[in-house]
Chemist: 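First the structure, then my questions, so here it is.
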Amino acid sequence: MRQNDPQDLPAAPAPDAADLAFQSLPQGVRGPGYDPEPMPATAPTPAVGPAPATPGPSPAPAQTLAPAPTPATAPGPPPTSVPHPGPPPTSAPAPATVPTPPPTPAQVAPAAPTPVPVLGEPWHSGARPPTYPPRPGGLPGVRDDLDAAVVPDVVLDGATHGPLTVRAASVRGDSHRWECEPRQDALCVARLGGGNPHDTLLLLAVADGVGSAPRSHVGSQTACRTVAGLLDTCAEQLVQAVRDGAGTMLTALVSSAVGRTAEALERLAAERGERPAAFSTTLRALLVPLDPGIRNRGFFAVGDGGLALLRDGAWDLDPVGRAPAEPGGDVIDTRTAALPTARHAEAHVLGPAALGDVYVLSTDGLSSPLAGEPQMRDFLRAAWGSGEPPGPADFLWQTQFRAKSYDDDRTVVCLWERPS
């Protein structure tokens, strides 16, 4: 047998791309026990033998190992509905680097809280305050008297119409707070008429339920509401009477409304099976035209109470001009005319009002200590006579100036006449 000549041996195949990629892996990745022959630095010497008839193709260039294709999955069930194709999404180019958020500012320690100003307890006359505490006390029960149980301890009201400023407050008296009884006073701040300044006026009213009447807290509120509705029907005539200084005409108009208010209280008593006197209440009011050219003011009253005028820093506790009090007149007289027994009103035309005037309409819970306590007059002169009306909260605090032995409900409505 003839020994093969090296040229007769077939040429060694060239390494393909997979071999090259696998051989480039580290030993640990290839697996244990694998030790292939080292790759020759140069291509092997071609075998000796007859040359092929035609040259073969050149070996393919080395390539990187591509990932194996993902096997196809079985198709799922067809969708129940085909979504409507939208516009192709617009993709913004990704930033080269993610921006770093700004640093959080250092926390600043809060400043010490500023003390909130408070008015504190109401001021008082004398060296020591009255015994009763000046704050709301016990409440009447709903099961005992629903009407009494829903009466507020304090009412605060007001209005501004051009140069006219109104402040009003009604506060349950110390004795009523202590005894868990309702506030028997009531007030009314209402606009009468159709809105035209020439036939429109303000009704400022206070009512003082008689203390001995068990339903007087209902009577006072009913009287204010009823008389407002009745006077509204004759607002134009009221403006005319006040403007012309027609006291007789004014008396007739308000007395008609007062008489019908008394009838309303009597009907209310009959509906509830009670005596009309159980709803007894006083009533007094100012009528203030909104026409700035009318400087007169109307006033009417049934029963006791007060009307004062603060002008140029001086008090006039009787601007109506009644006769001087008899000796001993400083003693409080608990007997007074009251609705529904009384059916006639005392009426007057006051004025003309001057710029800066302050009218003070009140129940006897304020009018009595105002007449008897010089310290109270001085305090309210400074509070209300400066020319600038106080804010509602300040006004409420000022009306509660305390004096011993004056522990009744206190209701007051003030009217400031200011420049236009």
Side-chain angles (χ1 to χ4, degrees), residues 152 154-173 183-192 200-209 220-221 223-228 231-232 238 242 254 281-290 297-311 315-320 345-348 350-351 353 356-371 376-377 380-381 383-385 388-401 408-418:
V154 173
V155 172
L156 181 62
D157 204 354
T160 301
H161 283 274
L164 303 175
T165 300
V166 178
R167 297 286 183 263
S170 182
V171 181
R172 185 164 58 140
R183 177 175 50 85
Q184 296 172 327
D185 281 7
L187 62 78
C188 177
V189 177
R191 179 172 61 86
L192 310 179
T200 304
L201 67 163
L202 295 179
L203 170 66
L204 312 178
V206 298
D208 182 0
S220 61
Q221 296 183 59
C224 286
R225 182 173 60 252
T226 303
V227 80
L231 291 177
D232 183 68
L238 289 171
V242 173
V254 298
T281 181
T282 68
L283 179 67
R284 56 184 43 227
L286 278 172
L287 297 169
V288 186
L290 292 185
R297 305 292 179 247
F299 167 75
F300 69 90
V302 179
D304 62 11
L307 176 65
L309 174 63
L310 183 58
R311 173 179 288 177
W315 282 107
D316 181 358
L317 301 182
D318 184 22
V320 175
E346 171 193 357
H348 301 272
L350 309 177
D357 281 358
V358 183
Y359 279 103
V360 180
L361 179 75
S362 65
T363 60
D364 60 5
L366 181 84
S367 64
S368 294
L370 186 66
M376 186 176 193
R377 291 195 298 272
L380 294 181
R381 178 193 300 115
W384 298 345
E388 185 66 25
D394 291 331
F395 180 78
L396 175 62
W397 181 81
Q398 293 158 2
T399 62
Q400 297 178 78
F401 184 93
D408 196 7
D409 295 344
R410 183 175 293 182
T411 301
V412 57
V413 181
C414 291
L415 172 70
W416 277 264
E417 308 268 359
R418 307 178 66 193

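Counting from 1, the numbers follow the sequence of the chain as shown.
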Chemist: So among D208, T363, V302, D364, which one has a side-chain contact (heavy atoms from CB on, under 4.5 Å) with T282?
Modeler: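 Of all the options given, the one that passes is D208.
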Chemist: Any chance you could measure L286, atom CG, to L307, atom CG, to the nearest 0.5 Å?
Modeler: 5.5 Å
Chemist: Report yes or no: does W384 contribute a side-chain atom to a donor-acceptor pair with the main-chain N or O of V358 at less than 3.5 Å?
Modeler: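 Pair absent, no side-chain N/O of W384 close to backbone of V358.
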Chemist: Any donor and acceptor pair, going by atom type alone, linking the side chain of R284 with main-chain N or O of V206 inside 3.5 Å?
Modeler: no
Chemist: Would you confirm whether D409, through its side chain, and Q184, through its main-chain N or O, come within 3.5 Å as a donor-acceptor pair?
Modeler: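 It does hold such a pair.
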Chemist: Are V254 and L238 side-chain neighbours, meaning at least one heavy-atom pair lies under 4.5 Å?
Modeler: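 When only atoms from C-beta onward are counted, L238 and V254 do touch, with a gap below 4.5 Å.
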Chemist: Does a side chain donor of either T411 or D185 reach within less than 3.5 Å of an acceptor in the other side chain?
Modeler: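 Looking only at side-chain atoms, D185 and T411 do form a donor-acceptor pair, the distance falling under 3.5 Å.
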Chemist: Just how far is it from atom CZ of F300 to atom CG of L287, taken to the nearest 0.5 Å?
Modeler: 5.5 Å
Chemist: Please list, chain by chain and in numerical order, all residues satisfying salt bridge (Lys or Arg N to Asp or Glu O under 4.0 Å) with R167, sequence neighbours excluded.
Modeler: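 Salt bridge (Lys or Arg N to Asp or Glu O under 4.0 Å) check on R167 returns nothing, list empty.
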Chemist: Look at the aromatic rings of F299 and H348 and report parallel, tilted or perpendicular, splitting at 30° and 60°.
Modeler: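 Ring orientation of F299 relative to H348: parallel.
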Chemist: Does the side chain of V189 reach to within under 4.5 Å of the side chain of L202, using non-hydrogen atoms?
Modeler: no
Chemist: Atom CG of L201 and atom CG of L164: how far apart are they, to the nearest 0.5 Å?
Modeler: 11.0 Å
Chemist: Mind checking the CG-OG spacing from L187 to S362? Nearest 0.5 Å is all I need.
Modeler: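 Answer rounded to 0.5 Å: 12.0 Å.
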Chemist: Does D316 offer a backbone N or O that forms a donor-acceptor pair with the side chain of R311 under 3.5 Å?
Modeler: no
